[in-house]
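Residue numbering restarts at 1 for every chain, and letters A, B, ... go by the order of the sequence lines. The analysis underlying the following values was restricted to heavy atoms, covering all of them including side chains, and did not include hydrogens, waters or symmetry mates.
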Number of protein chains: 2
Amino acid sequence: MIPNFKKAQTASRKSLSLTKRNQVLKNLMKNLKKSSKEIVKANAKDLAKMSPTNSLYDRLLLTPERIDAICADIRTVISLPDPTGKTIEKRALKNGLKMERRSVPLGVVGVIYEARPNVTVDVFSLCFKSGNAAVLKGGSDAENSNKAIVKVIKKSLSEAGVSKDYLYLMPSDRKYVEVLLKSEKYIDLIIPRGSQNLIRFVKENSLVPIIETGAGIVHTYVDNQFDLKTAPEVIFNAKTHRPSVCNALDCLVIHEKSLPKLPKLTQKLTEKNVTIYADPKAYAKLTNKYPKNLLKKATKSHFGKEFLSLKMAIKTVRNLDEAVEHINTYSSRHSEAILSNSLKNQERFINEVDASTVYTNASTRFTDGSVFGLGAEIGISTQKLHARGPFALDALTTYKWILRGKGHSRG
Amino acid sequence: MIPNFKKAQTASRKSLSLTKRNQVLKNLMKNLKKSSKEIVKANAKDLAKMSPTNSLYDRLLLTPERIDAICADIRTVISLPDPTGKTIEKRALKNGLKMERRSVPLGVVGVIYEARPNVTVDVFSLCFKSGNAAVLKGGSDAENSNKAIVKVIKKSLSEAGVSKDYLYLMPSDRKYVEVLLKSEKYIDLIIPRGSQNLIRFVKENSLVPIIETGAGIVHTYVDNQFDLKTAPEVIFNAKTHRPSVCNALDCLVIHEKSLPKLPKLTQKLTEKNVTIYADPKAYAKLTNKYPKNLLKKATKSHFGKEFLSLKMAIKTVRNLDEAVEHINTYSSRHSEAILSNSLKNQERFINEVDASTVYTNASTRFTDGSVFGLGAEIGISTQKLHARGPFALDALTTYKWILRGKGHSRG
């Protein structure tokens, strides 16, 4: 495995023109369409090993339509500007040395993921567009699909006269993950995409720097003064628009003065049969107002919980300080919102809540690379170093200090 | 210990105006001068426990003059612009949401260091200037000195009406390092400053993201065509100007066509009695030209070695490709130089050598935050994520996405 990491590193150190990189991606679009049948056939082998009732089944499935969608994503990546070779700053030092700070590829990016074979194409195209080699560790469920896709990618590289070493698909056995995590000599960044267990394992064992993408334990705080016309819809949207994703609402925090409006705020949630876990004050207020079968008493375990389903907790607070304190204690620093008419309270919330993305009077569902205009999203970082919140191509670059002299020595 | 980490986190979440932050730093300058005697006295207790022949003795030593120098550094930090609260980008999304990306403090920064008590002030002032709380783990050798300094810092915070929790000095016993490394809930960044062993331990055990500062295994490549007037001085400067630091030259790589000029290139090194470990071709060329007692045959162990002393290896290569290959194999990605008249070769070297800082026709000694105009240096990062090469206040910040709506929901 290590010789393949080394080959990827060697490949990544030859810089390719943007035209060349885009040519490979164009080849890939063409070849994926051409090989659509073979890929679907390989995918069928993977599907045959999985029960159709498994929640991963749909994620694993490839169809000609889905392959077309993958190609459309490649087209987007082709259209994005080159994140490398940008002069970030340029000046002459007092001693006459000419200094430039320039964006460059990271080198070799390792991505560990699970069932979805489309990630293979996504990750390769983003890494390659930004001048990096990619080492991929896909899940064993998608082994045949991934192999078929990688064959097409390698062909697309070759056709453009580019080294096939820009991509290495690791064996799918989970035991190899550790080899990757310890190869800091060859791998510059690892992005784990998958379950909390996988991310935890990577975090605990990696010598390679990582970008952590992970849980969204998301709050929306309803202040003592807020717009009752829009708030119910914002809450409904944050909770129900796509409950299985990381930016979905998990806990409504409410100022006690706004409690009388809680029935109105939650009414629309009944349309989707949202189960509410309410603290005592909220429970009292919702009794006989919210469907009995959907209203439960909150226990400690309901706070700081990512539901990923049509469930939600409610916490009552006495003031903004308590709201901020509750959120900073339980959030995963992903997306947090305040619904308030007070500009002062909005600013305090923005400043004091520690999260990648902070909203005033809006649904948390907007946290997304494409909504933010990043063109393509690699993930949503819940760490603070290098990339925070939705991140895209720029996060796959670093920079280099370049100093040009005329025989300069330090005095 | 954890309760103190938590207090530091709570403190860091209250944003302080720049005026307030600078006020604390001004207080600190004043109070350090006032308490100069007490600090020197506490320092004497530490010194009494160490042999004056110990190489750490001088690093541990504090004098009134050194305290003045520390105060001068604080003055520099006060003069630097605020790295937080900057709008990095600002635009309206298509849906009307107003989006801003703003620089904010990281939160709590942990720094692990060894004997030098001045680091206590340096790190506090840089962290505090950038709005962060600091958790410091100093070495046990400097325990009394650090306690005396921390007392003065806490006083300076109090006098400005600011929470003393912005600084927490951990017990100096090394066993507590691990507690810090596992406290990812409270600590946002750890910077290890010290021996390779310490850095390795931190890297292997930290759940908190780190910025690795470390070894400089530094090369200078002499191409087949170069300026013989300036090259000997550049090499002399890179090797001897301050041999104990990370940007000092370790290995001269030379094109075989330039070998006849090797005696001239190395002649000046005899002034400082530099020991050379030469590969066979270079050895042959230097025999009878370089002092016999200073000329040794290189073994494998001399390549990829950080000498930190007046020693240097020489490697002969057949061409630029071999030079780049040698450097990418053995360097620590810190600082690398090419001496060449060929613009084409300079550009290839810049692009293909994987290092934080790449020089053409200049000494590698310039890799330094203050030379680069960063105002103050926290360290020189040898990793590619977040900060690369010399880094300063900006590296102690992250950013936050702020989205302001008017009741926006995602469709």
Answer whether the closest heavy-atom distance between the side chains of B:P83 and B:S130 falls below 4.5 Å. yes
Tell me, yes or no, whether the heavy-atom count around B:K98 atom NZ, taken from other residues, nucleotides or ligands under 6.0 Å, exceeds 12. no
Specify which of B:H386, B:K182, B:R410, B:R13 makes the most heavy-atom pairs with chain A at under 4.5 Å. B:R410
Examine whether an atom of B:R242 lies under 4.5 Å from a heavy atom of chain A, and if so say whether it belongs to the side chain, the backbone or both; otherwise answer neither. neither
Only pairs of heavy atoms separated by less than 4.5 Å count here; which of B:G373, B:A238, B:S409, B:S12 has the most with chain A? B:S409
For chain B, which candidate among A:E352, A:R365, A:R404, A:K384 shows the most heavy-atom pairs at distances under 4.5 Å? A:K384
Do you know which of B:Q346, B:Q383, B:R348, B:E233 has the most heavy-atom pairs with chain A at a distance under 4.5 angstrom? B:E233
Please check if any side-chain donor atom of A:S335 sits under 3.5 Å from a side-chain acceptor atom of A:T364, or the reverse. no
Comparing A:S356, A:G85, A:P390, A:A337 against chain B, the one with the most heavy-atom pairs below 4.5 Å turns out to be A:S356
Residue part contacting chain A, namely of B:K406, when any heavy atom lies under 4.5 Å: backbone
What part of B:Q9 gets within 4.5 angstrom of chain A, counting heavy atoms only: side chain, backbone, both, or neither? side chain
Who among A:T397, A:T357, A:T230 has the most heavy-atom pairs with chain B under 4.5 Å? A:T357
Minimum heavy-atom distance A:A215-A:S332, with the two atoms named: O-OG, 2.8 Å
Compute whether any side-chain donor of one residue and acceptor of the other, for B:E100 and B:T87, lie under 3.5 angstrom apart. yes
Could you check B:V353, B:T367, B:T220 and say which one makes a side-chain contact (heavy atoms from CB on, under 4.5 Å) with B:Y359? B:T367
B:A231 versus chain A, the contacting section by heavy-atom distance below 4.5 Å: neither
So what's closer than 4.5 Å to chain B heavy atoms on A:L93: side chain, backbone, both or neither? side chain
State, yes or no, whether a side-chain contact exists between A:T213 and A:T382 at a heavy-atom distance under 4.5 Å. no
Heavy-atom pairs under 4.5 Å with chain B: which of A:T398, A:I338, A:L403 has the most? A:L403
Return the orientation label for the B:F372 and A:W401 ring planes: parallel under 30°, perpendicular over 60°, tilted otherwise. tilted
Contacting region of B:D227 [heavy-atom separation from chain A under 4.5 Å]: neither
Quick one: what part of B:V104 sits under 4.5 Å from any heavy atom of chain A, side chain, backbone, both or neither? side chain
Find the one option among A:K229, A:H241, A:R101 whose heavy-atom pairs under 4.5 Å with chain B are most numerous. A:H241
Decide yes or no for A:E184 and B:K203: does some side-chain heavy atom of the first lie under 4.5 Å from some side-chain heavy atom of the second? yes
Side chain / backbone / both / neither for B:K94 at chain A, heavy atoms under 4.5 Å: neither
Return the orientation label for the B:H408 and A:F366 ring planes: parallel under 30°, perpendicular over 60°, tilted otherwise. perpendicular
Heavy-atom pairs under 4.5 Å with chain A are the metric here; pick the option from B:V234, B:I235, B:N328 that has the most. B:N328
In this structure, are over 12 heavy atoms from other groups packed under 6.0 Å from A:Q225 atom CD? no
For chain B, the option from A:N205, A:I210, A:T10, A:V371 that forms the most heavy-atom pairs under 4.5 Å: A:V371
